[in-house]
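Shown next, in structure tokens, is the structure this report addresses.
Residue numbers start from 1 in every chain, and the chains themselves are labelled A, B, ... in the order their sequence lines are given, proteins ahead of strands.
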Amino acid sequence: MGKAIPNRSDDYSLWYNEIVKKAGLAENSPVRGCMVIKPYGFAIWEKMQQSLDKMFKDTGHENAYFPLFIPKSYLSREADHVEGFAKECAVVTHYRLKTNEDGDGVVVDPEAKLEEELIVRPTSETVIWDSYKNWIQSYRDLPLLLNQWANVVRWEMRTRLFLRTAEFLWQEGHTAHATKQEAEAETKQMLDVYADFVENYMAVPVVKGVKTESERFAGALDTYCIEAMMQDGKALQAGTSHFLGQNFAKAFDVKFATKEGKEEYVWGTSWGVSTRLMGALIMAHSDDDGLVLPPKLAPIQVVIVPIYKGDEQREAVSKVAKAIKKDLSEKGLSVKFDDRDTHKPGWKFAEYELKGVPIRVAFGPKDLENGTVEIARRDTKEKQVIRLEDISVQVTNLIDEIQKNIFGKALTFRKENTHQADTYEAFKSLLDQGAFVYAHWDGTTETEERIKEETKATIRCIPLDSPEEMGACILTGKVSNRRVLFARAY
RNA sequence: CGGGGUGUGGCGCAGUCCGGUUAGCGCGUUCGCUUAGGGUGCGAGAGGCCGGAGGUUCGAAUCCUCUCACCCCGACCA
């Protein structure tokens with residue numbers, strides 16, 4: 001009761017904010033736009049990291065770490081890149097404080113001004129390519145497949161926990177290749193890795209596509225992305241993979257000698273996902289009772305809540321509960337036995353629902369007597385009483401079932417809210433309902449811009465799987481040969 | 001940077017228009033008892049320079065001036 005959260009339908013963004021705070025995922029920090037990620041939220045992020053990191057390693061990548069600070073001059077080496085990021089960079093100008101002459105507090109020491117100002121990385125292409133210049137001389141040094149887990153800073157005007165914060169955590173992959181084909185293949189491979197992760201671990205269906213010119217990463221030739229639908233029908237870009245061509249190689253003079261002895265610029269890619277995925281996870285599945293986590297990413301997959309009256313019962317119940325825990329843990333599940341005597345069962349039920357624990361096992365005196373146990377699933381709120389000896393089989397099956405069901409539910413929701421529009425009127429009204437709209441577009445930035453101004457919707461992507469289809473642009477009526485995906489977005 | 005709003009115990013708020021004793025309430029917290037299959041109930045307690053500075057007044061959470069911070073809505077973005 002003390003932790004009730006607002007209804008999704010009343011105020012979606014308030015619901016989101018409250019769920020993040022009440023479920024103990026994150027809170028605002030003293031610095032505007034930054035956030036404190038709390039242990040439970042960080043545990044989910046760690047699960048994401050673990051899964052992704054394995055996928056990166058399995059595709060041949062290694063981790064490295066590059067510095068937080070970047071010489072200001074580096075950013076400007078690539079023209080589009082600097083233009084894209086200059087407006088949101090934090091800059092370090094001094095390296096020392098001194099005590100205030102008035103006696104209290106500290107002030108920046110004007111004597112300690114840096115020769116060259118440093119920027120706090122908004123992304124690391126520039127420092128990394130500066131290193132690559134030294135690391136790559138021959139085709140034998142290629143491909144170079146690196147990833148780093150890091151924090152980056154982009155000084156955003158409006159921030160929201162996880163969805164957009166001034167500082168966020170992410171991974172950024174940076175690769176260098178001998179040929180264009182290989183770099184393009186890498187770009188697409190990593191997009192597939194992201195799609196695989198988001199769909200199969202996060203249980204959020206995505207649309208894979210290419211960004212239009214105006215939405216492209218600053219400095220890339222092509223930006224691929226995965227777009228997910230949130231429960232309010234808005235789109236959220238869940239990951240991006242960029243084909244950089246030779247842009248950064250040229251900017252940082254990274255050349256290699258080919259087998260034939262010719263000197264050529266290398267081809268690059270970069271790709272990233274961030275703590276924004278946490279926002280996607282929350283907004284895709286959760287409900288008015290709190291978080292709903294897919295089992296594969298839930299820090300606690302099963303919680304056992306004992307029910308008892310008095311010490312004698314407590315002991316008897318606990319003994320069985322511990323055996324259940326052992327049994328389930330041996331099946332590879334992460335199980336918590338909440339034997340705290342300071343909270344009542346009902347309180348615990350509500351608490352673990354708020355935290356999105358996929359399965360709750362309740363065990364009490366009645367069960368002790370009947371040889372049964374109650375299991376409740378978070379996704380559907382269904383409860384059932386099963387025989388105690390069946391528990392590990394039932395729970396193991398249910399874990400898989402929940403993972404599938406959550407994905408299925410999100411997929412169904414997306415299908416129901418995805419439409420085609422052939423007139424501008426229909427287009428606008430669909431957007432107002434909160435939907436993904438497939439429509440024809442004449443391919444110009446001007447049209448895209450006008451549609452954005454008039455409807456607040458953007459082209460999320462040109463879907464990779466959208467078929468050729470002749471049609472007329474929704475706004476201008478000019479010819480178009482395929483539909484693109486429009487939506488309002490986070 | 002425009003437009004709107006809010007600052008009062010840890011959290012959420014009332015009180016502010018119309019100044020007047022010890023500044024209330026809910027949650028949380030502490031202690032005791034009670035309870036335990038959906039956020040137990042009762043009792044007792046702790047905890048607040050009312051965002052900050054200045055002013056008006058016999059008297060300011062309340063009125064005036066200035067200031068700071070945060071939130072929401074827009075322009076920018078993963």
Side-chain angles (χ1 to χ4, degrees), chain A residues 1-6 11-14 16-18 21-22 27-34 83-89 122-123 151-172 194 211 214-218 220 223 225-228 235-242 270-280 289-290 305-311 313-314 317 339-354 360-370 372-376 381 383 385 452-453 456 458 460 489-490:
Chain A
M1 276 195 318
K3 284 206 173 174
I5 54 179
D11 188 336
Y12 194 78
S13 78
L14 185 64
Y16 174 81
N17 289 337
E18 287 302 306
K21 289 179 199 163
K22 298 269 169 65
E27 60 191 29
N28 284 303
S29 83
V31 177
R32 178 191 152 73
C34 294
E83 202 179 317
F85 287 104
K87 298 172 299 247
E88 50 187 31
C89 284
T123 178
N151 59 338
V152 287
V153 169
R154 297 181 188 174
W155 214 262
E156 300 290 348
M157 292 170 172
R158 283 197 60 208
T159 60
R160 297 191 63 195
L161 293 170
F162 291 119
L163 295 176
R164 177 166 299 108
T165 46
E167 178 194 11
F168 57 90
L169 305 183
W170 76 346
Q171 59 67 218
E172 45 180 325
Y194 288 155
K211 287 293 189 188
S214 66
E215 298 272 330
R216 195 178 291 158
F217 173 73
T223 288
C225 63
I226 47 174
E227 296 286 329
L236 186 130
Q237 179 176 306
T240 50
S241 184
H242 314 292
S270 67
W271 27 274
V273 295
S274 71
T275 35
R276 180 177 236 209
L277 289 178
M278 293 286 293
D289 295 313
V305 177
I307 291 150
Y308 53 84
K309 197 192 301 192
D311 283 346
Q313 271 188 8
R314 184 183 184 191
V317 163
D339 61 347
R340 289 177 300 172
D341 193 34
T342 49
H343 295 281
K344 292 193 47 189
W347 190 94
K348 292 176 183 174
F349 291 175
E351 184 68 10
Y352 291 110
E353 274 160 16
L354 182 61
R360 181 187 72 230
V361 171
F363 187 80
K366 275 187 236 161
D367 299 302
L368 203 54
E369 202 174 307
N370 304 332
T372 56
V373 62
E374 181 193 89
I375 58 178
K381 308 284 296 284
K383 292 194 269 198
V385 175
K452 185 178 173 183
E453 274 167 33
K456 289 178 187 160
T458 48
R460 300 318 304 155
Y490 277 97

Under 4.0 Å, counting only non-hydrogen atoms across every strand here, what does [X] touch: a base, just sugar-phosphate, or nothing?
{"X": "A/Phe168", "answer": "base"}
{"X": "A/Glu156", "answer": "base"}
{"X": "A/Lys383", "answer": "base"}
{"X": "A/Glu374", "answer": "base"}
{"X": "A/Leu14", "answer": "nothing"}
{"X": "A/Asp289", "answer": "nothing"}
{"X": "A/Thr342", "answer": "nothing"}

Counting Watson-Crick and G-U wobble pairs only, both distances under 3.5 Å, name the nucleotide matched with [N], or none.
{"N": "B/C1", "value": "B/G74"}
{"N": "B/G7", "value": "B/C68"}
{"N": "B/A23", "value": "none"}
{"N": "B/G43", "value": "B/C31"}
{"N": "B/G38", "value": "none"}

key: Under 3.5 Å donor-acceptor pair, A/Lys344 side-chain atoms to B/G41 base atoms   =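 No, the side chain and the base share no sub-3.5 Å donor-acceptor pair.
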
Which listed nucleotide ([options]) is nearest to the side chain of [X]?
{"X": "A/Ala362", "options": "B/C76, B/C72, B/G37", "result": "B/G37"}
{"X": "A/Asn28", "options": "B/A78, B/C71, B/G39", "result": "B/C71"}
{"X": "A/Arg164", "options": "B/A78, B/C71, B/G37", "result": "B/A78"}
{"X": "A/Ala350", "options": "B/A78, B/G37, B/G38", "result": "B/G38"}
{"X": "A/Lys309", "options": "B/A78, B/A36, B/G38", "result": "B/A36"}
{"X": "A/Pro345", "options": "B/C77, B/A36, B/G38", "result": "B/A36"}
{"X": "A/Pro365", "options": "B/A36, B/G37, B/G38", "result": "B/G37"}

query = So A/Trp271 and A/Tyr194, would you call those rings parallel, tilted or perpendicular, with 30° and 60° as cut-offs?
reply =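 Ring orientation of A/Trp271 relative to A/Tyr194: perpendicular.
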
How far does [atom1] of [X] sit from [atom2] of [Y], to the nearest 0.5 angstrom?
{"X": "A/Lys348", "Y": "A/Thr342", "atom1": "NZ", "atom2": "OG1", "result": "7.0 Å"}
{"X": "A/Glu351", "Y": "A/Lys344", "atom1": "CD", "atom2": "NZ", "result": "15.5 Å"}
{"X": "A/Glu167", "Y": "A/Thr159", "atom1": "CD", "atom2": "OG1", "result": "12.5 Å"}

Euclidean distance for [atom1], [N] against [M] (whole angstrom):
{"N": "B/A75", "M": "B/A14", "atom1": "C1'", "value": "37 Å"}
{"N": "B/U57", "M": "B/C1", "atom1": "C1'", "value": "39 Å"}
{"N": "B/U35", "M": "B/C49", "atom1": "C1'", "value": "42 Å"}

Rounded distance (Å) that lies between atom C1' of B/G39 and atom NZ of A/Lys381 =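 Taking NZ of A/Lys381 and C1' of B/G39, I get 12 Å after rounding.
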
ask   = Does A/Arg154 make a cation-pi contact with A/Phe168 (under 6.0 Å, within 45 degrees of the axis)?
value =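 No, cation not above the ring by the 6.0 Å, 45° rule.
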
query = For A/Arg160 and A/Tyr16, which heavy atoms make the closest approach, and how far apart are they?
reply =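 Minimum heavy-atom contact is NH2-CD2, 3.3 Å.
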
